[in-house]
Each structure stands twice: as structure tokens, then as C-alpha cells.
**Q** 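After the C-alpha cells below, expect a handful of questions from me.
Remember, it's 1-based here, ligands and their atoms both numbered in the order they're listed. Note that the structure is a prediction, hence the values are computed from the model and not measured. What you see below is based on every heavy atom in this structure, not just the backbone, and it leaves out hydrogens, waters and symmetry mates.
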Amino acid sequence: MFSALLTTAGTTPLVLDSPHSGTAYPADFDHACDPLVLRRAEDTHVEKLYDFAPALGVAWVEALFPRSYLDANRDLTEIDQALLDAPWPGPVATDARVLSKVRLGKGLIWRTTDEGTPLYARKLTVAEVQARIARCWQPYHAAVKAAIDAAHARHGYSLHLNCHSMPAVASRFATDFPGLAHADFVVGDRDGSTAAAALSARIVEHLRGLGYDVAYNHPYKGVELVRRYGDPAQQRHSVQLEINRKLYMDEDTLALHAGAEGLKAHLRSLVELLLATDPRSL
Ligand SMILES: [Zn+2]
């Protein structure tokens with residue numbers, strides 16, 4: 001039985017979601033490239049780094065399907081026509097920044113890996129892309145929206161941390177700055193449009209206080225999940241947090257390393273800080 005996501009309801013204003021850590025490769029994926037190459041596209045182990053959160057009353061939404069099957073952090077219009085055997089029947093993005101990602105093969109359904117390798121030896125049918133949307137994208141977004149709406153209804157505000165990880169060095173076909181050596185963390189709020197800048201600053205300062213090198217909105221500003229659900233004027237604050245994988249795993253073997261436990265304690269302190277923060281008084 002295909003299971004797209006794992007969710008835990010919360011009791012606090014805080015919602016965490018992990019769209020890219022899924023490792024359950026669906027039987028109908030039918031990719032042609034090496035599975036290990038696909039695994040490098042995962043934000044592997046991110047769900048383990050935050051596994052303390054539900055016990056603190058934090059709502060949790062986690063994709064179980066892999067990012068290379070469908071990227072839940074993309075809009076439904078980010079369709080790569082070059083991948084399909086027939087014209088897409090729905091609207092297709094025309095924004096230049098979005099189109100550049102789609103042309104790199106990083107739309108809703110990826111055409112190529114970060115190394116530039118084609119995923120498929122065939123075209124995909126419109127029906128199979130629609131089926132992935134119905135089985136993965138729709139339930140994932142419904143769960144994130146429901147968790148944020150519930151938190152907001154209970155508390156009059158919501159805090160949403162969109163959880164990711166990034167390679168130590170951006171790969172050659174990465175969407176934004178190929179070859180860039182990443183900071184320890186990148187905090188993104190799409191230039192203050194998805195969360196109060198003071199809230200993001202609090203997150204940045206907390207992590208810097210723990211000794212980390214932290215970048216803000218560079219090279220990652222945040223993508224569809226924070227764009228869609230962040231609305232600071234309505235006290236709905238969404239922040240994307242990218243963690244450098246070198247802090248917790250071996251990027252070649254994909255195994256967690258000894259750094260993971262210390263990192264987890266620091267993430268717990270960040271979650272506790274967010275639980276103690278009312279953005280209305282920032
Ligand atoms: Zn990610």
C-alpha cells in the first residue's frame with residue numbers, strides 16, 4: 001500500500017514539515033538512472049534530526065515519497081514539457097526564475113539529476129504525472145495547510161519551519177549557485193515576504209550563537225512551501241531552514257555520523273526558542 005506522508009497533529013503554534021527526506025521509492029517510478037544518484041537528491045535523515053519535535057506538541061508533516069519522484073516544494077505549474085509525451089492540459093509557469101529551474105530539469109517532476117544525468121529513458125505520460133500529483137502533492141499540501149490553519153486557529157498566529165538539508169558544496173547542475181560551498185545553515189524567508197524579518201533574525205542569531213556559520217536568503221530564499229503558506233501580515237510566518245549535510249552525515253555513504261547528536265540538541269534548542277516566541281510582540 002502506497003503511503004505518501006506521515007503526519008502528527010500538534011498542540012502548539014509551531015508546524016514543521018520535511019518535503020524532501022522521503023526514501024520510499026514507488027514501484028511505478030520507472031527511472032533509468034542509478035538509484036544511488038537519485039538518493040543524493042534526498043534531504044536524507046532530516047526527519048531524524050527533528051524526531052524530538054512531536055513530543056513537544058509541534059505538528060509534523062513528512063513526505064515519504066522521494067523528491068526525485070515529485071518535488072512537493074514546487075508549484076503545480078512548474079511542468080517540464082520536455083519530459084512529457086503530450087501537451088500538459090493545465091496552466092504552465094511563465095515566470096523567468098521558475099522557467100530557468102524547469103529548463104535545468106528541476107520542475108515539479110525532475111528531468112535530470114543534480115549531476116545532469118537524465119532520470120528517464122522515456123517520456124512520461126500526462127496521466128502518470130497527474131497520478132503523482134494526486135497521490136503525493138495534493139495530500140502533502142493539504143496536510144501542511146491543515147496543520148498551519150489549526151495552529152493559527154488555536155493561537156492567533158502560526159510559525160512554520162520548512163525543513164531541508166543541502167550538500168556541503170552545491171553540485172554542478174544545482175539551480176542557483178553551482179559549485180558554491182554552503183554555510184552551515186541557510187535561513188530563507190523570500191526576503192522577508194514569508195515571515196517577519198525579526199523572527200528570521202532571531203533564528204539566525206540563535207544559530208550563530210551556537211557557533212554556526214549562517215547565511216540569510218542566500219543562496220536559498222525559500223521556495224513553494226513557504227511562498228504558499230507564509231503570510232506575515234496575517235501572523236502566518238514561514239521560514240525555510242537548510243542544514244549543511246556535512247554537519248550530520250557522510251554524503252558518499254549517506255550514513256549519519258557522530259555530529260548528528262550534537263546537531264539535534266541544537267535544533268531542539270531552536271525549536272524551544274520558537275515555542276517561546278510570539279511573533280506579535282517582535
Ligand atoms: Zn530540500
Side-chain angles (χ1 to χ4, degrees), residues 4-6 15-25 37-51 53 60-75 78 97-98 101-102 104-115 119 132 136-137 140-141 143-144 160-171 173-178 180-190 194-195 203 207 214-230 238-249 251 254 256 260 263 267 270:
L5 59 159
L6 188 70
V15 175
L16 266 54
D17 85 294
S18 179
H20 291 160
S21 55
T23 61
Y25 283 74
V37 174
L38 291 185
R39 295 223 52 200
R40 291 195 212 289
E42 298 165 2
D43 293 354
T44 317
H45 303 307
V46 164
E47 80 287 2
K48 300 180 186 75
L49 300 176
Y50 294 97
D51 65 5
W60 174 256
V61 181
E62 172 189 343
L64 300 178
F65 55 89
R67 174 204 210 168
S68 53
Y69 181 71
L70 175 136
D71 189 341
N73 204 18
R74 293 283 185 264
D75 185 64
E78 295 181 55
R97 190 178 156 82
V98 168
K101 283 186 193 175
V102 172
L104 272 169
K106 301 294 174 50
L108 177 72
I109 312 283
W110 285 16
R111 180 166 43 81
T112 55
T113 67
D114 271 348
E115 287 79 19
L119 259 72
R132 292 185 192 191
C136 299
W137 195 99
Y140 191 83
H141 278 262
V144 172
H160 166 214
L161 194 66
N162 179 229
C163 306
H164 296 263
S165 69
M166 57 188 172
V169 177
S171 64
F173 290 84
T175 45
D176 291 300
F177 294 88
L180 181 79
H182 289 134
D184 293 328
F185 288 91
V186 181
V187 174
D189 60 12
R190 295 180 70 90
T194 66
I203 295 170
L207 293 169
V214 185
Y216 178 42
N217 285 320
H218 177 79
Y220 305 116
K221 293 177 187 295
V223 194
E224 182 62 11
L225 282 152
V226 296
R227 189 199 68 77
R228 190 172 278 256
Y229 302 111
S238 288
V239 174
Q240 174 175 290
L241 185 63
E242 293 273 4
I243 305 173
N244 193 315
R245 290 180 200 144
K246 73 180 181 188
L247 296 174
Y248 69 88
M249 66 182 271
E251 291 187 66
L254 307 179
L256 283 170
L263 174 63
L267 292 174
L270 176 64

**Q** Just wondering, do Val186 and Pro219 contact through their side chains at under 4.5 Å, heavy atoms?
**A** yes

**Q** Taking atom types as modelled and ignoring hydrogens, do the side chains of Asn244 and His182 form a donor-acceptor contact shorter than 3.5 angstrom?
**A** no

**Q** With the side chain counted from C-beta on, respond yes when Asp114 and Lys106 share a heavy-atom pair under 4.5 Å apart, and no when they do not.
**A** yes

**Q** Which residues and atoms, protein N, O or S only, are under 2.8 Å from the Zn ion (ligand 1)?
**A** His20 ND1, Asp43 OD2, His164 ND1

**Q** State, to 0.1 Å, how close Tyr140 and Leu5 come at their nearest heavy-atom pair, and which atoms those are.
**A** CA-CD1, 4.1 Å

**Q** Using a distance-only test with no angle check, is there a side-chain donor-acceptor pair under 3.5 angstrom linking Asn162 and Asp17?
**A** yes

**Q** Tell me whether the rings of His20 and His164 are parallel (<30°), tilted (30 to 60°) or perpendicular (>60°).
**A** perpendicular

